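All values derive from a computational prediction rather than experimental measurement. Reckoned from all heavy atoms, side chains included, excluding hydrogens, waters and symmetry mates. Positions are given from 1, in the same order as the sequence printed here.
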Amino acid sequence: MKNISITEQLEDKGISNKLLLEAFQDIPEAFFLSETLHPYFYEDVRIEKSLEKTEPRVIVVARMLEQLKIKKEDKILITGVDSIYILVVLSKIYKNVYNIETNETYANWATEVLKAVEINNVHIKTDNPEIGWKEEGPFNAILIASAFKEIPNTIKKQLAIGAKLIAPVGPDWAHVLLEVTKRVSENDYVSKALRDNYYIPNPKILPKISKETYTETEIIDEIGINSIPFKTIKKFPMDGLLERIGNAKVVLLGEASHGTSEFYLTRQEITKALIEKKGFNFVCAEADWSDAEQINNYVKNEYTAQNWLPFARFPEWMWKNKEVLDFVEWLKKYNAKRNNTIGFYGLDLYGLENSIDLVINYLQKIDPELAKIAKNRYACITPYMSNPTVYGKLVTTNTLESCEKDVIDMLFDLLKNKNKLNHTKEYFYAYQNATVVVDAERYYKAMYYGSAESWNLRDFHMFYTLKSLLSFFGKDSKTIVWAHNSHIGNALATEMYARGEINIGHLCKEHFGSKSYHIGFGTNTGTVAASKNWGEKMNKIPIKDAVDNSYENLCNKTNVSNFTLPLREEHTEKKLRDFLSVPRLQRAIGVVYKPETELRSHYYKSILPYQFDEYIWFNKTKAITPLETKTAITKLIDIHPFGKLDK
């Protein structure tokens, strides 16, 4: 913050309102610091506490103020902002700022800070944000930063005629939209929906980086002492792991590559144990929502064939392989005996064309008129479905008008028509498919802005899909996430965060706290299923031995073939955590593997005990078995989603 102008930061995020830019620029540096000094910054106030706390969201609130087109006026009402910095900014634009807080301690603290710097036009009270501040209305603008299922009429009536209100809307099973409501007369309002970039929350708990130097021999010995060896996957020490997982609501199971059999098989054995012994309700995979929907229907014994096959695009072997097939068959049999309750869902935002088809197909059965509207809205983007990256390039080079408004309006229509459409699981699936369309449209444009923005958009989408599923299936539901280490490990403990990247692991740690258990995987050598370049055919490629100064190299030197290593503070020795808290390299192989540039292409710095709660090691691994005619052992039934094997 010291070295970069706040004006430059805001302009980079699309803020152009001169009043806003001037007000932000004219803030003493002390107020940047106050954002991290409020009474709750060091408290663990996450899901397991009665007090829920949202960290400051300066940039996203600035973008909301930009949408309101604020100008020098008399009154603004804000709720849920939780940022004294924003209060100072608004005090320079409005004659009076009215702020509703839900926590009295924070409200009193903010009042004292403002009083100390002689800001007297900000009025703070503790109350229910849904009530507003009727006696001080009407307001020239209203900004609500906490999500509502829908904007209450009590708040709308506090708008002056001609004034606008902006708020995040959507029930907790839905991905949040921003709704802008304008009061046009005494009894009439007009609304539109927006989609904004998700903010990156200020982290509550930062990893501790050790600056001590330890000998390699000391570290290797300590890993060996604390590791729990096992001979085979079937003999994995499962009971101890389940005890360490405890009462977690979310268990995230990683992989150091997208093509290693041992990672898939171990992850699946752990998943089976979590379902059978700890009552977990569903699996969420780093897979397309539309593709996984076919798998979900099959394992719940509700399958009807679509006119397209799941996992048919690159990298098809990532999920269409013998290892996953065996788990799918196990889950189908398990469900048949237990009321078909355990689901399989995709978190990812690809599969745009299939998601569009599924939305339209659903609406044609329920509401043909809305189906026609959907076809018209999606017609903007459907010509580019065979290669959506072309769409992204055309829009970002101003060659083609963005379809963003059309796809957002469709999502908004689905949300507004929830009661009319009947809120069944079919409706929920359709809404999630419509969300995929919205976020995928933004993703293909973001690909041309830079890797951090597109990465973050994708991981936020996966996180909010996870939250939506947990909410839809009830407060007691529990889930297992399958995704790459780079997604499920806490990004705060890696160099990803320094590049401005977050991930689902970071967001889960922030939101669920100790009720989120993260398990990473690693290997030294063997073979992996991967391509040499994106879009090319899969090969079984030999994995090079781990490089020096990597966690993999240390694990290899323990001479223990397979082990699991507990890393949580309460499950292991402080000495081990200290030894492993010196940043080291860690290998990540996706669907592309380039051994010739491995150090540059596949290693990044991390702090293992803060990245994962547990680390499972296989010294030598082999590639997964893709499903092809020559490798398929089981004759699949006609309605099987994997039924038509690759020729």
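- With values rounded to the nearest 0.5 angstrom, Tyr593 atom OH is found 14.0 Å from Ser531 atom OG.
- For His423 and Phe472, the gap between ring centers is short of 6.0 Å.
- The aromatic rings of Trp319 and Tyr264 sit tilted, their planes meeting at an angle between 30° and 60°.
- Judged purely by distance below 3.5 Å, without hydrogens or angles, the side chains of Asn562 and Glu262 never pair a donor atom with an acceptor atom.
- Side-chain contact of Tyr429 with Asn296: a donor-acceptor pair under 3.5 Å is present, judged by distance alone.
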Practice task
Kindly determine whether Glu286 and Arg458 satisfy salt bridge (charged side-chain N to carboxylate O under 4.0 Å, His left out), including the steps that lead there.
Solution key: CA-CA 10 Å; Glu286 183 191 337; Arg458 185 173 165 226; 3.1 Å; yes
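- At least one donor-acceptor pair under 3.5 Å links the side chain of Asn503 to the backbone N or O of Ala491.
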Exercise for the section: Under the side chain to side chain contact (heavy atoms under 4.5 Å, CB included) rule, what do His506 and Met496 come out as? Steps first, then yes or no, please. Expected result: CA-CA 11 Å; His506 166 205; Met496 292 167 59; over 6 Å; no
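- Salt bridge status for Glu329 with Lys332: absent, with no side-chain N to carboxylate O gap under 4.0 Å.
- Heavy-atom minimum distance, Leu331 versus Gly343: CD2-O, 4.4 Å.
- Checked by atom type and distance alone, the side chain of Ser261 never pairs as donor or acceptor with a backbone atom of Ile624 at under 3.5 Å.
- Using the six-membered ring where Trp is involved, Trp317 and Phe314 have ring planes that are perpendicular, over 60° apart on the 30 and 60° scheme.
- Closest approach of Val592 to Lys532, counting heavy atoms only: CG1-O, 3.5 Å.
- The backbone N or O of Gly254 sits nowhere less than 3.5 Å from a side-chain atom of Asn485 that would complete a donor-acceptor pair.
- Inter-residue side-chain proximity for Asp439 and Leu457 is flagged as met; some heavy-atom pair is nearer than 4.5 Å.
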Exercise for the section: Any chance you could lay out the side chain to side chain donor-acceptor pair (under 3.5 Å) test for Thr260 and Glu255, step after step, and finish with the verdict? Expected result: CA-CA 8 Å; Thr260 298; Glu255 57 191 3; over 6 Å; no
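- The residues Lys365 and Glu426 are annotated as not salt-bridged, no charged nitrogen and carboxylate oxygen being separated by less than 4.0 angstrom.
- For the residue pair Thr494/Glu501, the side-chain donor-acceptor check at 3.5 Å is not satisfied.
- With rounding to the nearest 0.5 Å, the separation of CD1 in Ile616 from CZ in Phe236 is 4.0 Å.
- Between the side chain of Glu316 and the backbone N or O of Pro626 there is no donor-acceptor pair closer than 3.5 Å.
- Separating the OH atom in Tyr391 from the CG atom in Leu352 is a distance of 9.0 Å, to the nearest 0.5 Å.
- The closest donor-acceptor contact from the side chain of Asn524 to the backbone of Lys620 lies at 3.5 Å or more, if one exists at all.
- Closest non-hydrogen pair, Ala430 versus Val359, comes out as O-CG2, 3.5 Å.
- Residue Ile295 holds its CD1 atom at 8.0 Å from CG of Asp291, rounded to the nearest 0.5 Å.
- Of all heavy-atom pairs between Lys278 and Leu242, the closest is NZ-O, 3.5 Å.
- Considering only heavy atoms from C-beta on, Tyr444 stays 4.5 Å or farther from Lys393 through its side chain.
- In this structure, NZ on Lys622 lies 11.0 Å from OG1 on Thr523, to the nearest 0.5 angstrom.
- More than 12 heavy atoms of other shown residues, nucleotides or ligands fall within 6.0 angstrom of atom NZ in Lys272.
- Side-chain contact, Thr271 with Trp482: a donor N or O sits under 3.5 Å from an acceptor N or O.
- Minimum interatomic distance between Met318 and Asn321 (heavy atoms only, all atoms of both residues): O-ND2, 3.2 Å.
- Put simply, the side chain of Ser355 never gets that close to the backbone of Ser290: no donor and acceptor are under 3.5 Å apart.
- Taking the charged nitrogens against the carboxylate oxygens, Arg338 and Glu276 have no contact shorter than 4.0 Å, which rules out a salt bridge.
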Practice task
Apply salt bridge (charged side-chain N to carboxylate O under 4.0 Å, His left out) to the pair Lys509 and Asp613, showing each step before the final yes or no.
Solution key: CA-CA 11 Å; Lys509 276 296 179 195; Asp613 295 306; 3.0 Å; yes
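- Ser477 places a side-chain N or O within donor-acceptor distance of the main-chain N or O of Leu470, the cut-off being under 3.5 Å.
- More than 12 heavy atoms of other residues, nucleotides or ligands sit less than 6.0 Å from atom CD of Glu302.
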Handout entry: Verdict with reasoning, Gln432 to Glu293, per side chain to side chain donor-acceptor pair (under 3.5 Å)
Key = CA-CA 11 Å; Gln432 294 301 319; Glu293 189 174 326; over 6 Å; no
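- At least one donor-acceptor pair closer than 3.5 Å links the side chain of Tyr603 to the backbone N or O of Val547.
- Judged by distance alone, with hydrogens and angles left aside, the side-chain atoms of Gln611 form no donor-acceptor pair with the main-chain N or O of Gly489 at under 3.5 Å.
- The distance from atom OG1 of Thr232 to atom CG of Leu265, rounded to the nearest 0.5 Å, is 11.0 Å.
- The side-chain heavy atoms of Thr564 and Ile519, taken from C-beta on, include no pair separated by under 4.5 Å.
- A donor atom on one side chain and an acceptor atom on the other are found under 3.5 Å apart for Lys594 and Asn533.
- With a 6.0 Å cutoff to the six-membered ring centre and a 45° limit on the axis angle, Arg267 does not count as a cation-pi contact of Phe263.
- Checked by atom type and distance alone, the side chain of Arg377 never pairs as donor or acceptor with a backbone atom of Leu411 at under 3.5 Å.
- Salt bridge status for Lys277 with Asp239: present, with a side-chain N to carboxylate O gap under 4.0 Å.
- The minimum heavy-atom distance linking Gln586 with Ser606 is given by the pair NE2-OG, 2.8 Å.
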Problem - Residue pair Glu441, Ser402: steps toward the side chain to side chain donor-acceptor pair (under 3.5 Å) verdict - result: CA-CA 9 Å; Glu441 189 272 340; Ser402 172; 3.0 Å; yes
